[in-house]
Amino acid sequence: MDAPFDAVVIGGGLLGCATAWMIAREGGRVLLVERDQINQHASGRNAGSLHFQLEYRMIDRGIEAARQAAEAMPLHLEAARLWAALPQLCGEPVEVRQTGGLMIAEDAGQVALLEQKTEIERSWGLDNQLIDRAEIDRIAPYLSDRVIAAAHCPLEGKADARTAAPALARAALRLGAEIRTGCAITGLSRQGGVWQVQLQGDTARTVSASAVVIAAGVWTTQLGQMMGAHLPTIPLALTMTVTMRIPKLVPHLVQHAGGKLSLKQALDGNILIGGGWPARLPLLPDGQPDLDTRPELLASSLAGNAAMAIRVLPELGKVPTLRSWVGTTTITPDQLPLVGPVPGYPGAFVATGGSAFTLGPCFAQVLADLIAGRQASMDLTKFDAARYGRG
Ligand SMILES: Cc1cc2nc3c(=O)[nH]c(=O)nc-3n(C[C@H](O)[C@H](O)[C@H](O)COP(=O)(O)OP(=O)(O)OC[C@H]3O[C@@H](n4cnc5c(N)ncnc54)[C@H](O)[C@@H]3O)c2cc1C
């Protein structure tokens with residue numbers, strides 16, 4: 001058996017790579033294990049939006065749901081700070097642009113929702129202001145006249161999902177982290193106060209570690225089951241589309257207060273369009289979602305997403321799309337983040353849920369703090385797995 005690691009991090013998406021890097025930064029001996037390749041799943045397929053105001057899925061069930069979702073605002077604020085610092089901290093050219101986000105409204109009901117929402121967000125310390133059409137004409141003239149107001153959050157923006165996790169993995173390697181790809185974790189057990197982690201890859205073996213971190217995205221529930229813990233998650237298959245390059249037009253992250261839409265322009269000119277339109281998750285014979293088979297694109301989602309995008313950004317009607325793709329993300333049953341210790345399993349930690357790309361650096365910092373024996377910088381009790389009981 002190998003000498004113990006301080007931590008084994010399971011999953012080579014943005015969260016796992018950021019966590020391994022943060023542990024290594026403090027001199028921790030860390031092994032990152034990814035059963036496929038780094039950044040192959042949700043972290044490499046997402047829209048790269050840095051959402052710090054509450055997203056549409058958090059407000060579409062009414063203002064009380066928004067109030068509950070806003071309890072995660074300290075995580076949002078910390079994530080905004082960390083994204084801004086990330087390129088310098090990790091010494092890699094991570095593409096991050098925090099040039100502001102607009103959540104747009106097309107009717108009076110949506111404006112009223114934005115008014116209530118921004119009030120809640122501001123009470124948590126987020127800079128988010130309702131702006132009228134005159135101000136939209138000034139800062140976002142590219143938006144259709146149908147847009148009558150918007151919530152403007154200057155901290156929002158985008159990061160390049162294709163390069164962020166690999167950059168953090170390289171930074172972790174430089175600090176001495178070990179990374180095994182093409183290597184699945186197949187067993188997790190605790191013996192004598194140490195975690196025994198079974199690896200299956202080219203050479204099956206077991207390593208021991210003081211801590212294990214489940215950073216496994218849609219496979220979080222499965223990894224929890226391996227150790228006997230109840231970590232409920234819900235997989236959502238989603239659609240993304242990217243257009244051909246066009247000259248600089250959209251500096252903001254644009255979202256909609258009344259439907260599924262997010263769009264932004266990448267630095268190289270392509271417009272990325274998403275916002276939560278579903279793809280079809282294949283099912284296993286027992287009716288459970290098949291997380292290991294790529295979801296299917298739905299024509300209705302492509303058409304619905306494109307129609308909405310063109311309605312608010314008419315210029316897009318002239319721009320050919322380049323490609324569309326799918327990915328599967330995780331939400332939790334109450335839509336709040338799941339982050340912190342796994343109750344009843346000393347030395348085990350987990351993070352997932354919702355916009356884990358946006359929140360990834362903050363989740364990673366929280367986990368690295370806990371593993372180092374420090375108290376997390378914010379109260380996490382609302383977000384740990386204890387709220388789901390034992391299943
Ligand atoms: C289409 C789409 C658009 C999205 N847009 C946004 C957005 O704009 N902004 C935002 O904040 N979020 C967005 N999300 C959500 C975001 O992508 C995810 O929340 C985030 O990437 C999750 O990162 P992760 O590292 O936790 O998981 P993942 O990136 O899924 O990584 C988990 C890794 O764990 C590995 N793994 C699983 N089981 C094992 C095992 N047994 N052994 C070893 N390795 C294992 C997997 O192979 C995988 O690589 C979007 C998601 C999708 C699908």
Side-chain angles (χ1 to χ4, degrees), residues 8-20 31-52 55 57 76 79 83 101 156-161 164-165 168-169 179-188 197-201 212-226 233 235-242 253 255 260 262-264 272-279 281 291-292 294-295 297 301 305 324-332 337-339 350-364 367:
V8 172
V9 176
I10 307 164
L14 182 93
L15 176 61
C17 294
T19 307
L31 171 67
L32 171 68
V33 184
E34 164 55 53
R35 68 177 190 177
D36 292 322
Q37 295 300 316
I38 296 294
N39 210 32
Q40 202 171 325
H41 295 284
S43 297
R45 293 186 192 175
N46 71 47
S49 309
L50 300 181
H51 295 286
F52 302 120
E55 295 169 57
R57 69 184 166 82
H76 295 214
W83 271 111
E156 288 194 316
K158 62 198 172 210
D160 185 349
L168 291 167
I179 298 185
R180 294 275 310 262
T181 56
C183 176
I185 302 284
T186 53
L188 289 168
V197 182
Q198 239 175 297
L199 312 182
Q200 189 187 58
V212 288
V213 176
I214 300 178
V218 289
W219 294 275
T220 298
T221 303
Q222 280 180 14
L223 266 299
Q225 282 162 354
M226 266 182 216
T233 57
L236 284 184
L238 300 175
T239 308
M240 285 297 309
T241 294
V242 65
L253 163 65
Q255 308 169 70
K260 297 183 178 117
S262 79
L263 62 83
K264 72 195 72 69
L272 277 158
I273 305 168
W277 287 81
L281 251 185
L291 301 176
D292 299 323
R294 188 170 291 205
L297 271 175
S301 284
N305 204 355
S324 295
W325 69 93
V326 293
T328 309
T329 190
T330 316
I331 56 168
T332 58
L338 171 58
V339 56
V350 63
T352 193
S355 298
F357 184 78
T358 298
L359 298 181
C362 171
F363 285 171
L367 297 174

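Residue numbers start at 1 and run along the sequence shown. In listed order, ligands and their atoms are each counted from 1.
- Distances from ligand 1 to the non-hydrogen atoms of Cys183 include at least one value under 4.0 Å.
- Few gaps surround CZ on Arg57; more than 12 heavy atoms of other groups in view lie less than 6.0 Å from it.
- Among Gly217, Ser355, Ala279, Ala184, the residue whose heavy atom lies nearest to atom 27 (O) of ligand 1 is Gly217.
- The shortest heavy-atom distance from Thr352 to ligand 1 is not under 4.0 Å.
- Neither the backbone nor the side chain of Gln222 has any atom closer than 4.0 Å to an atom of ligand 1 (non-hydrogen atoms only).
- Contacts with ligand 1 closer than 4.0 Å are made by backbone heavy atoms (N, CA, C, O) of Leu14 only, the side chain lying farther away.
- Within the structure, ligand 1 lacks Gln40 among the residues with a heavy atom less than 4.0 angstrom away.
- Residues satisfying the side-chain contact (heavy atoms from CB on, under 4.5 Å) test with Thr328, not counting sequence neighbours, are Val218, Pro235, Ala237, Leu281, Pro295.
- Between Met226 and ligand 1, not a single N/O pair is under 3.5 Å apart.
- A centroid separation of 6.0 Å or more is found between the aromatic rings of Phe52 and Trp83.
- The shortest side-chain heavy-atom distance between Thr330 and Leu236 does not fall under the 4.5 Å cut-off.
- Residue contacts with ligand 1 include Ala215, since one of its heavy atoms falls under 4.0 Å from the ligand.
- Any N or O atom pair closer than 3.5 Å counts here, and Arg35 shares at least one such pair with ligand 1.
- Numbered from 1 in the order shown, with element, the atoms of ligand 1 that lie under 4.0 Å from a heavy atom of Thr358 read 9 (N), 10 (C), 11 (O).
- At least one heavy atom of Gly354 sits under 4.0 Å from some atom of ligand 1.
- In the candidate list Trp219, Phe363, Trp277, Phe357, Trp219 is nearest to atom 37 (C) of ligand 1, counting heavy atoms.
- Taking any N or O of Thr328, backbone or side chain, none lies under 3.5 Å from an N or O belonging to ligand 1.
- Across Thr329, Thr181, Val197, Asp36, heavy-atom proximity to atom 51 (C) of ligand 1 is greatest for Thr329.
- Between Val218 and ligand 1, no pair of N/O atoms sits closer than 3.5 Å.
- Nearest-heavy-atom check against atom 21 (O) of ligand 1 across Ala79, Gly276, Ser43 picks out Ser43.
- Of the options Leu253, Thr330, Asn46, Asp292, the smallest heavy-atom separation from atom 14 (N) of ligand 1 is shown by Asn46.
- The shortest N/O to N/O separation between Leu223 and ligand 1 does not fall below 3.5 Å.
- Put simply, the side chain of Leu168 reaches to within 4.5 Å of the side chain of Leu14, judged on heavy atoms.
- Polar contact with ligand 1: present for Leu15 (N/O pair, distance under 3.5 Å).
- Side-chain contact check for Val350 versus Thr220: some heavy-atom pair is nearer than 4.5 Å.
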